[in-house]
Amino acid sequence: MCGIVGYIGHRQAYPVVLKGLKRLEYRGYDSSGVALIDDGLRVFKKKGKVSELEEATIGQNLSGQIGIGHTRWATHGEPSDRNAHPHVSALGKLAMIHNGIIENYASIKEELQNKGYTFKSDTDTEVLLNFIEDIKENNGCSLEEALRIALKRVVGAYCILLVDCNDPHTLLAARKGSPLVIGIGKGEHFLASDASPIIEYTKEVVYVNDYQIAIVKADELILKNLGNERQTPFITKLDMELAAIEKGGYDHFMLKEIYEQPSTIHDCLRGRLKPDVNQIIMGGVDVNLDQLSKAARIMIVACGTSWHAGLVAEYLIEELCRIPVEVEYASEFRYRNPVINPGDVIIAISQSGETADTLVALENAKEKGAIIFGVVNAVGSSIARLSHAGAYTHSGPEIGVASTKAFTGQLAVLSMMALKIAQAKGTISPERFSHLLQELAAIPAKVAKILEDTTGIEAIAKKYKDARDFLFLGRGYNFPVALEGALKLKEISYIHAEGYPAAEMKHGPIALVDDKLPVLFVATKDRYYDKIVSNVQEIKARKGRVICLATEGDTIIPSMADDVMFVPDADEVLAPMLSVVPLQLLSYYTGLALGLDVDKPRNLAKSVTVE
Ligand code: M6R
């Protein structure tokens, strides 16, 4: 949520910062801005996409070898030029960008107002900036010291970059709860919310930790804690290629990422799944296998699509491992004072590894002695680092705001985990274990088959694009898939969509059914097949418009549906990795048919780093 970029070095900062903002635009895109220091401070800000900022800066003096840039997802104050970052301090000397929320900004603002301060924006960021300047001026201290004093008063989350027009050789940065990566170049440093603006220039990076302040010069990086003690920067090497964050010939990142799934699932399984020797090797699981298999219960904590992956895992773990599982929305789990005992196992699922609700829920649980197992995509992210152990999904950078390949990667990891635990506990027969290993190995090729011809799905999207509402129904393992299908459609096409267990439909939602409502059944061949056939009949009897996702070769379900999409046959416990793919495509093509920006849907941001 909000993208942050900074540069200091021998290059002109503006092109580096602007390119970085374009790469980070998926994090927020309601306004953007840059601040440059050369012979003074120059700030350019614009409501709208980064391209509008770029246009607004044509013909301007954009020189300077130090610069900061921001792409915003509004929290305090509507999207507008004046609420866009960077903000400039009252004395006009400092400029700052911020990702996060300063929760006690109102009381600080009141303090400053009592001293005569006025504010140009509605943001919490401008309040913090003036607070820092006020401390600096009144205490006669350095900006670094003023920043430290101010941050000790701050409640909330932040990643900030701060520059002073009187010191064009220093960029200050600080983080708590919102991510910050610093790229180390030769005589230059790059700062960003994630590594995507950096990899083009260097692969050596430092992940800044919570409560650290970075004092960044062209050829020096100093990290300190809020107690002014120096801390050694830990340099890691990025394992990412530039191509991974470019569209690679596709019209949209979402489509590229849907099409990447055969290879991303394969990458996730590679080196872990060994059907030929009937084995699964997962470092993080192996060393904690005893703890995982002896767990009296497992809690899964996540948000959004990752929460849906957690629901699939609940079915998997309970069925295969016979361990009770609770799947929690991180935001609820965090605040409802859950019972957590030392040694409890929590599986945290997150694509970005930076989701604020999940992160803070885990911090609280960790303090109470829970063992945190992270299923995370973004390498080196906050949740990955907070976890005691874990398994990366290896899906590569996911840029489209709608999560697609991360979901199937999460399912692949969670399936392998469940199988490993079940094997260790002896709750799965050797025959079923080896059958599921073979089935899992076949998933990438089956996803590729779905993607071979998507014209039918595109036609269905065009036919139903003007629907006002949509119902997605499924049973068993396909229930979370129905939820995910509804979430995708809402996000990308803005059509109101609900996901329900198919049997639950008659306890209320069936009242919505008329000859206008499209009802999509995830009705693949599984143990619930006969039941779902009855549910389809119930909708038909009420003249609903029925779309079915069926198993190739099935003739009964297609004969009942107005429209049908097919997936290859698979064991039902692994089927969600297939059935979700046509639903991802359906939402993509619906958004496209409606002329919407599928990569940057309104009001959304990729990484939700505020609560
Ligand atoms: O990065 P995370 O997996 O923690 O993100 C969780 C949700 O914010 C995310 O899945 C969101 O629901 C997506 N927009 C879904 O497409």
Side-chain angles (χ1 to χ4, degrees), residues 1-3 26-29 73 177-179 193-194 252-255 257-258 261 300-313 327-334 346-363 372 374-387 390 392-393 395-411 413-414 472 480-481 483-494 497 499 580-581 583-588 590-591 596-611:
M1 212 142 257
C2 300
Y26 70 91
R27 299 178 66 92
Y29 33 82
W73 185 88
S178 298
S193 302
D194 69 33
H252 298 97
F253 281 111
M254 185 178 174
L255 191 62
E257 288 158 6
I258 291 172
Q261 291 178 107
I300 297 181
V301 176
C303 304
T305 289
S306 299
W307 186 79
H308 296 156
L311 286 183
V312 177
V327 189
E328 303 271 1
Y329 283 117
S331 53
E332 290 299 314
F333 184 71
R334 175 188 172 183
I346 295 186
I347 300 178
I349 310 176
S350 177
Q351 186 288 126
S352 62
E354 302 293 349
T355 299
D357 284 323
T358 311
L359 189 57
V360 184
L362 297 176
E363 280 167 357
I372 314 291
V375 176
V376 175
N377 190 37
V379 177
S381 57
S382 301
I383 294 174
R385 287 183 291 145
L386 175 140
S387 301
Y392 282 118
T393 51
S395 307
E398 193 180 64
I399 314 275
V401 166
S403 193
T404 53
K405 64 176 180 172
F407 180 70
T408 46
Q410 290 163 349
L411 296 186
V413 163
L414 292 161
F472 285 74
V481 176
L483 290 180
E484 176 60 7
L487 176 65
K488 286 286 91 79
L489 193 71
K490 272 190 273 232
E491 286 186 297
I492 303 303
S493 71
Y494 316 150
V580 76
V581 176
L583 305 190
Q584 296 168 343
L585 286 162
L586 182 71
S587 68
Y588 171 78
T590 308
L596 300 172
D597 186 344
V598 291
D599 279 341
K600 300 190 196 80
R602 74 179 174 210
N603 302 337
L604 293 178
K606 182 69 183 165
S607 181
V608 185
T609 54
V610 295
E611 294 170 45

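Sequential numbering from 1 along the given sequence is applied to the chain's residues. Ligands are counted one by one from 1 in listed order, and the atoms in each one are counted from 1 as well. Below, all heavy atoms of this structure are taken into account, side chains as well, without hydrogens, waters or symmetry copies.
Every atom of ligand 1 with a heavy atom of K488 under 4.0 Å away is listed here by number and element: 15 (C), 16 (O). Residue-ligand proximity, T305 to ligand 1, at heavy-atom distances under 4.0 Å covers atoms 10 (O), 12 (O), 15 (C), 16 (O). Taking a cut-off of under 4.0 Å to the non-hydrogen atoms of A402, the atoms of ligand 1 that pass are 16 (O). Within ligand 1, counting atoms from 1 as listed, the ones closer than 4.0 Å to a heavy atom of S306 are 2 (P), 3 (O), 10 (O). Close approach of ligand 1 to E491 (heavy-atom distance below 4.0 Å) involves ligand atoms 13 (C), 14 (N), 15 (C), 16 (O).
Put simply, no part of T358 is less than 4.0 Å from ligand 1, judged by heavy atoms. Assignment of E354 to the shell around ligand 1 is not supported, since no heavy atom sits closer than 4.0 Å.
At a cut-off of 3.5 Å, with distance as the only test, a side-chain donor of K488 or T305 sits close to an acceptor on the other residue. When only modelled atom types and interatomic distance are considered, S306 and Q410 share a side-chain donor-acceptor pair under 3.5 Å.
Contact annotation: the side chain of I492 never approaches that of T590 to less than 4.5 Å [non-hydrogen atoms, C-beta and beyond]. When side chains are defined from C-beta on, E491 does not count as touching S587, because their heavy atoms never get closer than 4.5 Å.
Qualifying ring pair (Phe, Tyr, Trp, His ring centres under 6.0 Å) partners for Y329, counting only residues two or more places apart in sequence or in other chains: W307. Every residue meeting the ring pair (Phe, Tyr, Trp, His ring centres under 6.0 Å) condition with Y588, not counting sequence neighbours, appears here in chain and number order: H252.
For the pair S352 and ligand 1, the shortest N or O to N or O distance falls below 3.5 Å.
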